[in-house]
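Let me begin by presenting the structure, written as C-alpha cells, before commenting on it.
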Amino acid sequence: MTITVVLGLAAAALLGVGFVAQQHAAYTEPLGEMLRLRLLLDLIHKPLWLGGLGAMIAGQVLGALALHRTDVARVEPLLATNLIFALAMAAAVYRERLGRWEWLGAVLVSGGVAAFLLSGEPHSGGPPVSASVVWVAMLVTLLTAAGLVVVAVRVTLPIKAMLLAAAAGILYGIQDVLTRDSLVRMGRTGHGPAWLLTTWQPYTLIMVAVVGLLLSQSAFDAAPLRVSLPAATAAEPIIGIVLGVAILGERLRVDPPALAGEVAGLIALVTGIVILGRSPFLAKSEQGASRRPERRQK
C-alpha cells in the first residue's frame, strides 16, 4: 500500500506541474479555437505546452502503475491532490508564501483523502459485472459529459471554463477506470500487452483521452487556472470511484459510520479543491501571457 501511495502522489505532482504549464500556454490562444482540434495543433508548437504535456503523460503512467497495484477507489483520491502540487508550483514560481486559505484547502484535500480511504476501505472482490451494466454506465457518463459541453457553448466564459473542465474531469475518470479494467483483464488472462489490441478498451481509452485533452485545453483557454482546474480535479475522482463500483465491481464499506466518513471525506475533498482553486497564486498563471486581439467576450 505504501508504494501505491507514493506512486499516486508522484502522479499527482506531475499532473499538477503539467496543468500549470499547459494552462499558461493555452490561455494565450484565441477563443475561437476552443473545442476545435486546431487548438491542439497550435499548442503542439509551444515548448512550454509540450513540457506540460510530457509531465501530464508521465503522471498518467505513474497513475497507471498505481492502478495496476490496487483499486480505482484507492487511487482516485490520491490523484485529486494534483491541485495542491499545482498551487505549490505557482507559489514557487512567483516566490510568495502560501496564505491561511491555501493551507486550509490543503488540509481539507489531504484530510478528505485520508477520511475516505480509512472509512470506505475500498477493495476488489465484487461479482462480475454484466456487459449491459458496463455499457449503460459508460453511456450515462458520456452523455453527462456531452450535456455539460452543450450547455457550455451558451454561457459566459467563467461558467464555460468550469463546465468544460468538469466534462474533461468526467472523461479522465473514465480513462482511469478503463486503464484499471485493461490491466486487470490482461492479468487475468495471462496474455501480454499485445492481447489488448483485440479488445475495445484500449481504443476507447485513446479516444476518451484525446477528447478529454481537448476539453481541458479549451477550459484553460477560456479562463485562469483557478477557475478551470478545480472542476476537473473534483469530477475525476468522483466519476472514477462511481464507475469503479459500477463497472469493476469494486466495493466500499456501507455501514452507517463508514458512509458518514466517506461522505464527509468527499465533501472535504471537494471543498478543499474549491478553496485551492480560488487561490490568487493560481490566478497569476494568466499574468505575463500576451492575449491575442481575437480574445473578446461577446
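Atoms considered below: every heavy atom in the structure, side chains included; atoms not considered: hydrogens, waters and symmetry mates.
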(Q) Using side-chain heavy atoms (C-beta onward) and a distance below 4.5 Å, is L35 in contact with V153? (A) yes
Q: Flag yes if F85 and L276 sit in one hydrophobic cluster, no otherwise; membership is Ile, Leu, Val, Met, Phe, Trp, Tyr, and two members link when side-chain heavy atoms are under 4.5 Å apart.
A: no
(Q) Given 3.5 Å as the limit, does a donor-acceptor pair link the side chain of E250 with the main chain of V72, or not? (A) yes
Anything under 3.5 Å between a donor and an acceptor, one on a side chain of residues 50-63, the other on a protein residue two or more places apart or in another chain? List them.
none

Q | From L215 atom CG to L163 atom CG, the distance as rounded to the nearest 0.5 Å | A | 11.0 Å
Q. Between L108 and V270, is any pair of side-chain heavy atoms under 4.5 Å apart?
A. no
Q) Would you say the side chain of T4 lies within less than 4.5 Å of the side chain of R74, judging by non-hydrogen atoms? A) no
Q: Return the minimal non-hydrogen interatomic distance between S228 and F220, and the atom names on each side.
A: OG-CD2, 3.3 Å
Q | Within one Ile-Leu-Val-Met-Phe-Trp-Tyr cluster: I238 and L15, side-chain cutoff 4.5 Å | A | no
Q) Would you say Q22 and L213 make side-chain contact, with heavy atoms under 4.5 Å? A) yes
Q. Do you know which two heavy atoms are closest between L79 and A11, and how far apart they sit?
A. CD2-CB, 3.7 Å
Q | Contact summary for S216 and A168, nearest pair of heavy atoms | A | N-CB, 3.7 Å
Q: Specify the closest pair of heavy atoms between W101 and I275, including all atoms of both residues, with the distance to one decimal.
A: O-CG2, 3.3 Å
Q) For V136, which fellow cluster members are found when Ile, Leu, Val, Met, Phe, Trp and Tyr are connected by side-chain heavy-atom distances below 4.5 angstrom, either directly or through intermediates? A) V140
(Q) I'd like to check L40 versus W49 (side-chain heavy atoms, cut-off strictly below 4.5 Å). Are they in contact? (A) yes
**Q.** Distance in Å, L41 CG paired with R36 CZ, rounded so as to fall on 0.5 Å steps
**A.** 12.5 Å
Q: Using distance alone, with no hydrogens and no angle criterion, decide if S218 and K160 have a side-chain donor and acceptor under 3.5 Å apart.
A: no
Q) What are the two closest non-hydrogen atoms of G112 and A268, and how far apart are they? A) CA-CB, 3.9 Å
What donor-acceptor contacts under 3.5 angstrom involve side-chain atoms of residues 252-264, with partners at least two apart or in another chain?
from : atom 1 : to   : atom 2 : distance (Å)
R253 : NE     : D255 : OD1    : 3.1
R253 : NH2    : D255 : OD1    : 3.2
R253 : NH2    : D255 : OD2    : 3.0
D255 : OD2    : A258 : N      : 3.2

(Q) Any heavy-atom pair between the side chains of L31 and L157 that's under 4.5 Å? (A) yes
Q: Evaluate the salt bridge (charged side-chain N to carboxylate O under 4.0 Å, His left out) criterion for residues K46 and E29: first the C-alpha distance (whole Å), next the side-chain angles of each, then the deciding distance (0.1 Å), finally the verdict.
A: CA-CA 11 Å; K46 295 187 174 184; E29 293 299 308; 2.6 Å; yes
**Q.** Heavy-atom check, side chain of L148 versus side chain of I170, under 4.5 Å
**A.** yes
Q) At what distance, to the nearest 0.5 angstrom, does CG of L205 lie from CG of D176? A) 9.0 Å
Q: To the nearest 0.5 Å, tell me how far L39 CG sits from L43 CG.
A: 4.5 Å
Q. Which pair of heavy atoms, one from P230 and one from I273, lies closest together, and at what distance?
A. O-CG2, 3.3 Å
